[in-house]
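Worksheet: the structure to be examined is printed underneath.
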Amino acid sequence: MDGIIDAHYFVLPSQSNIYSLARLTSVSGLERLLVTSLKKKVFCFEYSVDKDDALLPVIKEISFTYIPSGAEIISIDAVNKSKDHDDFVVGITIIKTGNNDMESEKYLNIYSEPEPDENNEFNIDNLANNCLMIELDFVPYFLYHTFLLSQNQVVWFLSGSDSKIHAYTEDVSTHTYHETDIAEHFPELVSPSSIVLWIDIWHIHQNTRRLSVIGCEDWSVKISLVEIESNTLLSVWNYDCDGPISRVQLFYLSNYFPPDAEDSSENCETEDEGEKKSKEEGEENINLLVTSTINQSVVFMNVTTSGTSERHFLPYKDSYDAILSSVCADIDLDGEQEIILGAYSQELIAYKYINSRWELIGTRGVSSSVLCMAHLDLSQDGVRELVVVTMRGIHIFQHDPNIVLEKLKASIDFSKIFSAETLM
């Protein structure tokens, strides 16, 4: 991983967890990250431009309301409901423990802007002050969102200690949220085998089918292919990982957006014209990464056609290192995504698909155990940064500018440019 440099580092006041990262993507393309620590703190990270037009990293604490004193933040997620303007909604789950389990308070807080400002610009402080609290009768785990395409509506999923996935939707007329029957629109998520630790959902086949994956506390993975219009399960694959699961993640090898970019854009790069043909030809070549805290992580290639039969275990010098996080990112800028695992042993571990097998290509040390990661263009310069949240702080890795320049030069056909200038 020599092609990336550790550009910035910020210390967190208290430890985070594997559910502590959320992404805010503006319709203009501006990216921000929300990072939580267990002790009530929520931070927003972004780049700003100073008076000399230089990019400066900025991190500030956001005071989200209705988080009681002594409460801990369990998970966070965020979504922009609109494709035309910024209409963000942020979900935060919290727990405040008492003298025993029966006295603990659990909530799902949903924050949204009451009205845009006069310039129609997003104001995160306004959002943080407008909260709807939903009291929970279970301990919250993973918070996730997807879209109910038939109604053009956001659905929030929250897994709980009751071994269920709870679905919440908005009543637009009253501006409230309520729990809905998950079986009505998502039959594949009914009655999981145990507590669900991670969910990933993609819409494929021009939004006519849905590919859903859940990873459970009992070490099981369930992959479901659903016909959306009829709400029919077309295929279901189950796999026992023989060890605790930390994350499940769908991805393409090529670095373009999946068909439902809102659900999974954090894992893929932006599509350009040169990649559209490969997308059309290989849209169904969707792969699944399952990371484990004890055993080797595994990649299932072409899951929509091969299910769990085409398995590749990721090699590592220490098979028993706990993997807590993962991200798929084109770190060598060759147009193909690599897999990066975040380990408890304070390392990033990178793999590349070479000659029909996944090979270890490098490691990188960080300040502490890795909890979660994201790959996005925070600086808005066309090249994505790798954000790594550890137990102690946040690393911002950037591509080496010299390597980026060489890649750019190699991709430009200067003969066409000079020919055009000659004709002018």
Side-chain angles (χ1 to χ4, degrees), residues 1-2 4-24 31-48 56-64 67 69-78 90 92-95 97 141-143 197-198 244 246-247 249 266 291-294 297 316-318 320-327 329 331 339-350 362-376 378-379 384-399:
M1 300 181 66
D2 297 331
I4 58 175
I5 58 176
D6 199 344
H8 309 288
Y9 179 75
F10 302 93
V11 177
L12 290 174
S14 64
Q15 180 179 319
S16 297
N17 64 27
I18 63 172
Y19 303 141
S20 62
L21 198 60
R23 176 178 179 172
L24 297 173
E31 298 273 17
R32 302 177 182 89
L33 278 178
L34 294 178
V35 183
T36 67
S37 60
L38 293 179
K39 301 301 182 182
K40 290 183 58 179
K41 303 290 187 180
V42 182
F43 299 91
C44 181
F45 179 86
E46 62 182 311
Y47 279 86
S48 65
L56 296 176
V58 177
I59 187 167
K60 67 175 183 177
E61 182 180 349
I62 308 298
S63 298
F64 280 85
I67 300 180
S69 176
E72 293 187 352
I73 296 176
I74 304 300
S75 52
I76 186 171
D77 192 22
V90 175
I92 297 177
T93 65
I94 59 174
I95 183 170
T97 56
Y141 277 69
F142 183 49
L143 181 63
L197 301 179
W198 210 277
S246 55
R247 179 165 184 164
Q249 182 175 0
E266 67 178 79
T291 59
S292 173
T293 57
I294 293 181
S297 298
Y316 187 51
K317 58 185 178 183
D318 183 1
Y320 296 97
D321 190 15
I323 302 301
L324 303 179
S325 180
S326 66
V327 70
I331 58 172
I339 291 174
I340 304 174
L341 303 183
Y344 187 82
S345 59
Q346 305 179 201
E347 278 187 304
L348 303 177
I349 311 162
T363 61
R364 184 69 173 265
V366 290
S367 63
S368 185
S369 300
V370 179
L371 297 174
C372 48
M373 297 184 285
H375 193 233
L376 68 169
L378 283 167
S379 59
R384 290 191 166 197
E385 287 78 33
L386 176 63
V387 180
V388 179
V389 179
T390 72
M391 287 187 177
R392 295 181 180 176
I394 306 170
H395 292 267
I396 308 295
F397 289 95
Q398 295 179 334
H399 289 277

Centres of the Tyr141 and Trp198 rings: under 6.0 Å?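 Not close enough - the centres of the two rings lie 6.0 Å or further apart.
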Minimal non-hydrogen separation, [X] against [Y], with atom names:
X	Y	value
Ser14	Leu38	OG-N, 3.8 Å
Gln249	Ser326	OE1-OG, 2.7 Å
Ser292	Ser246	N-OG, 4.0 Å
Phe10	Pro57	CZ-CB, 3.9 Å

So, the side chain of Tyr19 versus the backbone of Asp77: is there a donor-acceptor pair under 3.5 Å, distance only?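 Not a single qualifying donor-acceptor pair exists.
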Measuring only between side-chain heavy atoms, which start at C-beta, is [X] closer than 4.5 Å to [Y]?
X	Y	value
Arg392	Tyr9	yes
Phe397	Ile331	no
Leu21	Phe45	no
Phe43	Ser16	no

Decide side-chain contact (heavy atoms from CB on, under 4.5 Å) for Leu341 and Asp321; before the verdict, give the C-alpha distance in whole Å, the side-chain angles of both, and the deciding distance to 0.1 Å. CA-CA 11 Å; Leu341 303 183; Asp321 190 15; over 6 Å; no
side-chain contact (heavy atoms from CB on, under 4.5 Å) between Leu348 and Met373, intermediate numbers included: CA-CA 10 Å; Leu348 303 177; Met373 297 184 285; 3.7 Å; yes
Would you compute the distance between atom [atom1] of [X] and atom [atom2] of [Y] and round it to the nearest 0.5 angstrom?
X	Y	atom1	atom2	answer
Thr291	Leu324	OG1	CG	8.0 Å
Glu46	Ile59	CD	CD1	10.5 Å
Thr36	Phe64	OG1	CZ	10.0 Å
Asn17	Met391	CG	CE	10.0 Å
Thr363	Glu347	OG1	CD	5.0 Å
Tyr344	Thr390	OH	OG1	12.0 Å

Is Arg364 atom CZ crowded by more than 12 heavy atoms from other residues, nucleotides or ligands, each under 6.0 Å away?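 Yes, CZ of Arg364 has more than 12 neighbouring heavy atoms, counting only those of other groups under 6.0 Å.
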Audit row: Leu24, Val90, side-chain contact (heavy atoms from CB on, under 4.5 Å) steps and yes/no: CA-CA 9 Å; Leu24 297 173; Val90 175; 4.3 Å; yes
Using only heavy-atom distances, determine whether the side chains of Ser75 and Thr93 contain a donor-acceptor pair under 3.5 Å.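 A pair is found: one side chain offers a donor N or O, the other an acceptor, under 3.5 Å apart.
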Can a side-chain donor-acceptor contact be found between Glu385 and Ser379 if the only test is distance below 3.5 angstrom?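 The answer is yes; a qualifying pair exists.
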Can Ile349 and Ile323 be said to form a side-chain contact (heavy atoms from CB on, under 4.5 Å), step by step? CA-CA 10 Å; Ile349 311 162; Ile323 302 301; 4.0 Å; yes
